Number of protein chains: 2
Amino acid sequence: MTAEQQARATLADVARLAGVSAKTVSRAMSGDGSVSEVTRERVMTAAKRLRFRPNTLARNLRHGGVTNSVAFVIGDITNPFYFNVAAGIERELATKGMTMLLATTDDAPGSEAVVVDALLAQRVRALIIVPIAKDQSYLEGERQLGTPVVCVDRPAHHLVADSVVLQNRLGIEEAVRSLIAVGHRKIGFVCSPAELYTHQERLLGYRSALLEAGITDSRRYERLEPVLGATAEESVRELLALDDPPTAIIAGNNRASTAAWRELFNRSPRVAFIGFDDFEFADTLGISVVAYDPIELGREAARLVLARLDDPSGPPRQIELPTHLIRRGSGEVPPPDAPDSTIAP
Amino acid sequence: MTAEQQARATLADVARLAGVSAKTVSRAMSGDGSVSEVTRERVMTAAKRLRFRPNTLARNLRHGGVTNSVAFVIGDITNPFYFNVAAGIERELATKGMTMLLATTDDAPGSEAVVVDALLAQRVRALIIVPIAKDQSYLEGERQLGTPVVCVDRPAHHLVADSVVLQNRLGIEEAVRSLIAVGHRKIGFVCSPAELYTHQERLLGYRSALLEAGITDSRRYERLEPVLGATAEESVRELLALDDPPTAIIAGNNRASTAAWRELFNRSPRVAFIGFDDFEFADTLGISVVAYDPIELGREAARLVLARLDDPSGPPRQIELPTHLIRRGSGEVPPPDAPDSTIAP
DNA sequence: AGCACCTATGTCAACGTAGTACATTTCTGT
DNA sequence: ACAGAAATGTACTACGTTGACATAGGTGCT
């Protein structure tokens, strides 16, 4: 790399070379005002020669001081779920020439406001956030200043904002009903951590579907870890070690799904299993899951942002993305005592 | 959302409220010049009252017109490999208060320059790119203007730039040697597509390790798809349908790994298998792989950017990240004709 | 007292772009 | 031929921040 560093060309430089004023160059480049064909040619040639590239910073400053980047704030960047959501956001934004800024809070609720603050100082156009702190009211002022805030996966706390969530209850309900249809009555539920909105919703779905089938004594089969990081493997082991163990297990989130399956893999007699969130190999391994489209989740979030930028008024919208059960075998394993069981005497 | 939209407070607004000049506010906020304690208090109070947030756009414009975002340009955002690299970049940049802009080219070589151009117009501070086009010489001008360019996973074509790549040859060589040690002589290599630098390197590693063991007739076991999208499943089927099929197969990239394993899963007699790039479940399923740390790959790339920003001079650096074989069983399956084979008569 | 020096603050201009206002030229129609 | 419209170009300025420079008052030393 050379030590020399030629200066970046500006509108004025191009104007000088082309022998016109800066404004004329601006017009020629943007095609806004009217410029003669000869002049336009000359300007374009000069611009190309100088490798001129309009400074978006200056342009944005001139135009109200906002960038055209949308920030996506997540807790844990290594969770594949977020990655797919990010993909959806990026693609949707790209159709409008906008870009995505990715930031993480490392799952620390306390750092959410700090990270968001830094992003706002950068004048992001909008904020898409997976809420992790218990309170998003700190964003109220910013919202009033016209920065759209869209929550993904879970709604905000103490803040009026658009959001995109999954049909959590319906998804788990479908899973429970499916297991009941195969003959299961003792169904476990493993999920972590307990305090998240999504997990609460899924727990409610689990309970309501059981109740619907007249099963009222399943509390002992619920295992929601109180803290992040507690392993779902342990929960599964606990459940199977009960005197009257469940014959089927449902996992309430993607990390719990993989952990639970790890524990159930190679165990016999087979325990029926349904996970939440599809993943690579789930098809090859024959694992039934409650699936949804994370990319679409991101796209919807981005669409909400675009809609809000277009028209800031109107009530907040909450979009519910459908979930659906994919039957691949693991969820269709009958209970050992079923009449059609192969282990029957 | 209210239709009203109060204006965003500026330095001047804060100054007016605090009864000082704009410059004093600037000093008080940045802690740069000297400001008396009383004044600082008054300014801070005024700033808080007005919810003042310094406009990074303006600040950056004042300082040479560059943002503090680094763009990461990838081909296919749904490839988990890139996601982990992105995670590494984001984390490393965050330590320096910089942010990551994510952009994709949808694996279309032609759109690389277009996407990059848009990013440069946004005055990104640096560029981290997974080269996909055949020629990155279009970045030469920008590099001379002081924008660091770092290539990830593969080096740039026709451009002097720092890069971070994997020890591709060594990784595959280790895999081949390991298979040979177990007794294999007929080893297949599946990878796609053929034209990528990484895949070429891995192919060379495959060949050299075989040669080292005196195996010279393995060309018929090489299956590199000429085009993106061709399935590795087919390649595996082709290999196993040969009159003299290989007893072991190595996959040269992550997509090929999963595809190949899908095909080999449940097939008997078992074919030894070693994949490239670790993935979830590989441990549970007992799949041996040539692994590396994608997050570290991203971190290194970000470090190169930071180093280059710090000191633009000096020769380009190419960092090689280590790869290592993780033995989990699938790569330790002996050939059917081995003396210690369980199928021996 | 005189001087150097330091602190606390203020004034002005500039970063690069583009909107507003206005000046100039060229082209219409009567 | 001439008013008026249309086409084309220029000058000035603001966007929000900060560096360069200036100023006013205070402190310490000779």
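We name chains A, B, ... by the order of the sequence lines, and we start the count at 1 in each one. These numbers come from a predicted model, not from an experiment.
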Less than 4.0 Å between a side-chain N and a carboxylate O, is that true for B/Arg303 and B/Glu296? yes

Whole-Å gap separating P (D/dT10) and CG (A/Leu11): 13 Å

For the CD atom of A/Glu90 and the CD1 atom of B/Ile74, what is their distance to the nearest 0.5 Å? 7.5 Å

Within the structure shown, what part of the strands sits under 4.0 Å from A/Thr24 by heavy-atom distance: base, sugar-phosphate, or nothing? base

For B/Thr56, answer base if it contacts any base atom (sugar-phosphate contacts may also be present), sugar-phosphate if it contacts only those atoms, and nothing otherwise; contact means non-hydrogen atoms under 4.0 Å. nothing

Please give, in whole Å, the distance from C/dA14 P to B/Leu61 CG? 14 Å

Can you tell me how far CG of A/Asp13 sits from CZ of A/Arg16, rounded to the nearest 0.5 angstrom? 5.0 Å

When you get a sec, tell me which of D/dG16, C/dT17, C/dT9 is the closest nucleotide to the side chain of A/Pro54? C/dT17

CD of A/Glu142 to CZ of B/Arg51, rounded to nearest 0.5 Å, is 8.5 Å

Spacing of B/Arg59 atom CZ relative to D/dC15 atom C1', expressed in whole Å: 16 Å

Does a side-chain N or O from B/Ser34 land closer than 4.0 Å to OP1 or OP2 of C/dT9, or not? no

d(CG, A/Asn60; C1', C/dG16) in whole Å: 12 Å

Which nucleotide in D/dG9, C/dG16, C/dT9 has an atom nearest any side-chain atom of B/Val35: C/dT9

Candidate nucleotides C/dT9, D/dT18, C/dT17, ranked by approach to the side chain of A/Ala58 - the nearest: C/dT17

Looking for any heavy atom pair under 4.0 Å, which part of the strands does A/Ser36 touch: base, sugar-phosphate only, or nothing? sugar-phosphate

Distance test, side-chain N/O of B/Ser26 to OP1/OP2 of D/dT18, below 4.0 Å: yes

Separation of atom CG in B/Leu57 from atom C1' in C/dT17, rounded to whole Å: 12 Å

With sugar-phosphate meaning primed atoms plus P, OP1 and OP2, does A/Arg62 contact a base, only sugar-phosphate, or nothing at under 4.0 Å between heavy atoms? base

Counting only side-chain N and O atoms of B/His63, is one of them less than 4.0 Å from OP1 or OP2 of D/dG19? yes

Between C/dG16 atom P and A/Arg53 atom CZ, what is the distance in whole Å? 15 Å

Ignoring hydrogens and geometry beyond distance, is the side chain of B/Arg27 in donor-acceptor contact with the base of D/dG19 at under 3.5 Å? no

I'd like to know if B/Asp117 and A/Arg53 make a salt bridge, using a cut-off of under 4.0 Å between side-chain N and carboxylate O. yes

Spacing of A/Asn55 atom CG relative to C/dA14 atom C1', expressed in whole Å: 14 Å

For B/Thr10, which contact category applies under a 4.0 Å heavy-atom criterion: base, sugar-phosphate, or nothing? sugar-phosphate

Whole angstrom value for the distance that separates C1' of D/dA14 from NZ of A/Lys23: 13 Å

